[in-house]
Amino acid sequence: MTVPVPGLPDRVRIHEVGARDGLQNEKSVVPTEVKAEFVRRLAEAGLTTIEATSFVHPKWVPQLADAEQLFPMLADIAEIGDVTLPVLVPNERGLDRALALGARRIAVFGSATETFASKNLNRTVDESLRMFEPVVARAKDAGVHVRGYLSMCFGDPWEGAVPVAQVVRVAKALMDLGCDELSLGDTIGVATPGHVMELLSALNGTGIPTGTIGVHFHDTYGQALSNTLAALQHGVTTVDASAGGLGGCPYAKSATGNLATEDLVWMLDGLGVHTGVDLGALTATSAWMAEQLGRPSPSRTVRALSHKE
C-alpha cells in the first residue's frame with residue numbers, strides 16, 4: 001500500500017554502486033562478461049545511474065582490474081533510458097585511463113579522517129585533496145561530471161566518532177575543488193538519524209546546497225533505511241545503494257554491506273516517492289547475481305520476494 005508522507009521529495013535518484021563498490025569487495029574475481037550482464041540488467045530494471053567500475057591500480061583492487069575490458073562492453077547500455085555510467089578514478093593516471101575510454105562521469109574518493117586516508121590513499125587528508133585538485137580540474141575542463149565521495153563521515157574504526165566540523169571542512173574543500181556532487185559515506189554504518197540531520201544542516205551552513213548532496217549508508221547496525229529517511233526529510237534526493245546489498249569496504253573490516261537497492265525501493269514505493277525502478281526486475285537481477293556469487297543475497301527484500309514455498 002502506498003501511503004505518502006508530507007515533506008518528502010517527489011522523486012529520488014538512486015546512484016547504484018553494486019557493480020563497483022559491491023563487486024570490489026568480493027574475495028573472488030567476477031568474470032568480465034558477468035559484470036557487463038549485471039550492469040545491463042540493472043539498466044533494464046530502470047536504474048539510470050550505475051557506477052560501472054574503478055580505474056585504480058590492479059594491485060590495490062584486483063577485482064576491478066578489467067576496467068579497460070569492461071567499460072567498452074557497456075557502450076550501448078547508455079541508450080537504455082538515458083543511463084549514465086560513472087567510474088571511480090583515484091588520481092590523474094586513473095583519469096587518463098577513464099577519459100581514453102570515453103567516460104563522461106567520474107568520482108574521486110576522499111576521507112574525513114586521517115587514519116583512513118593513510119590506509120586507503122597512503123596520504124594525509126590534505127595531501128589527498130592536493131592529489132584530487134588536478135584530477136577535478138582536468139575533468140571539468142573536459143566537460144566531465146565529477147562526484148566527490150567522502151568516507152568516514154560519521155565514525156571511523158580507528159578514531160571513533162568523527163566531529164561534524166571535521167567532516168564539513170573536508171567536504172567544503174572537496175566541493176571547492178569543483179566537484180558537482182558530494183556523497184556522504186557512513187563507511188562503517190554507525191550513523192543515526194539525528195547525526196545525519198545535524199551533518200546535513202552543518203553542510204548547508206557552510207554553503208553546500210542540499211541539491212548537491214547524496215548519501216551512502218551501510219547497514220552495519222540496521223540503520224541505513226532510517227538514516228536515508230532522515231536525509232529525505234532534509235531534502236536530499238540522491239541516495240547510493242547496492243543491488244542485493246553487495247559490498248562493504250576492503251579497507252575498513254568492520255564495514256558490512258551497503259544499503260540494498262531493493263530495500264530502498266520497497267520503502268520509497270510505499271512512500272509514493274518515484275524512482276523509475278521496477279522492483280520485480282531488480283529483485284530478479286540481484287537473485288541472478290547471488291547465484292553467480294554462489295551465496296544468497298543479504299537483502300531482506302530480495303529474500304522475501306524470491307521466497308518459494
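As the structure is a prediction and not an experimental result, all values here were calculated from the model.
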Under the side chain to side chain donor-acceptor pair (under 3.5 Å) rule, collect the residues that match up with [X], sequence neighbours excluded.
X	answer
E198	none
H195	none
T53	none
D176	K172

Enter the distance from [X]:[atom1] to [Y]:[atom2] here, rounded to the nearest 0.5 Å.
X	Y	atom1	atom2	value
Q223	D186	CD	CG	9.5 Å
L74	I50	CG	CD1	9.0 Å
M267	T301	CE	OG1	10.5 Å
E37	M289	CD	CE	9.0 Å
E127	N122	CD	CG	9.0 Å

- Task: Write out all pairs satisfying ring pair (Phe, Tyr, Trp, His ring centres under 6.0 Å) with one or both partners inside residues 21-51, taking only residues at least two apart or from two chains.
- Result: none

- Task: Could you give me the CA-CA distance, side-chain angles and deciding distance for T261 and E16, then say whether side chain to side chain donor-acceptor pair (under 3.5 Å) is met?
- Result: CA-CA 7 Å; T261 312; E16 172 59 49; 2.6 Å; yes

Any pair counted as salt bridge (charged side-chain N to carboxylate O under 4.0 Å, His left out), so long as it reaches [range], sequence neighbours left out:
range	answer
residues 156-169	D126-R169
residues 221-236	none
residues 287-302	E26-R295, D219-R300
residues 47-76	R20-E51, K35-D66, R40-D76, E68-R97

- side chain to side chain contact (heavy atoms under 4.5 Å, CB included) assessment of T192 paired with V196: CA-CA 6 Å; T192 49; V196 172; over 6 Å; no

- Flag, side chain of E262 to backbone of G244, donor-acceptor distance under 3.5 Å: yes

- Message: Before you tell me yes or no, could you show the steps for L23 and L246 under side chain to side chain contact (heavy atoms under 4.5 Å, CB included), namely the whole-Å CA-CA distance, both residues' side-chain angles and the distance that decides it to 0.1 Å?
- Response: CA-CA 7 Å; L23 296 185; L246 293 174; 4.1 Å; yes

Quick one: does [X]'s side chain get under 4.5 Å of [Y]'s, heavy atoms only?
X	Y	result
F109	S151	yes
N227	V215	no
L64	F55	no

- Would you call the rings of F154 and F217 parallel, tilted or perpendicular, where under 30° means parallel and over 60° means perpendicular? tilted

- Item | Pairs flagged by side-chain hydrogen bond (donor to acceptor under 3.5 Å, both in side chains) wherever residues 236-246 is involved - sequence neighbours left out | R13-T238, R147-D240, S183-D240, H216-D240

- Query: Is there any side-chain hydrogen bond (donor to acceptor under 3.5 Å, both in side chains) pair reaching into residues 201-214, and which pairs are they, with sequence neighbours excluded?
  - Reply: N204-T210, N204-H234

- Item | Same cluster (ILVMFWY, side-chain, under 4.5 Å), L101 and L88 | yes

- Atom CG of D82 with >12 non-hydrogen neighbours under 6.0 angstrom: no

- Considering all heavy atoms, the nearest A241-I14 contact: CB-CG2, 4.2 Å

- Item | Partners meeting salt bridge (Lys or Arg N to Asp or Glu O under 4.0 Å) with E44 (sequence neighbours left out) | none

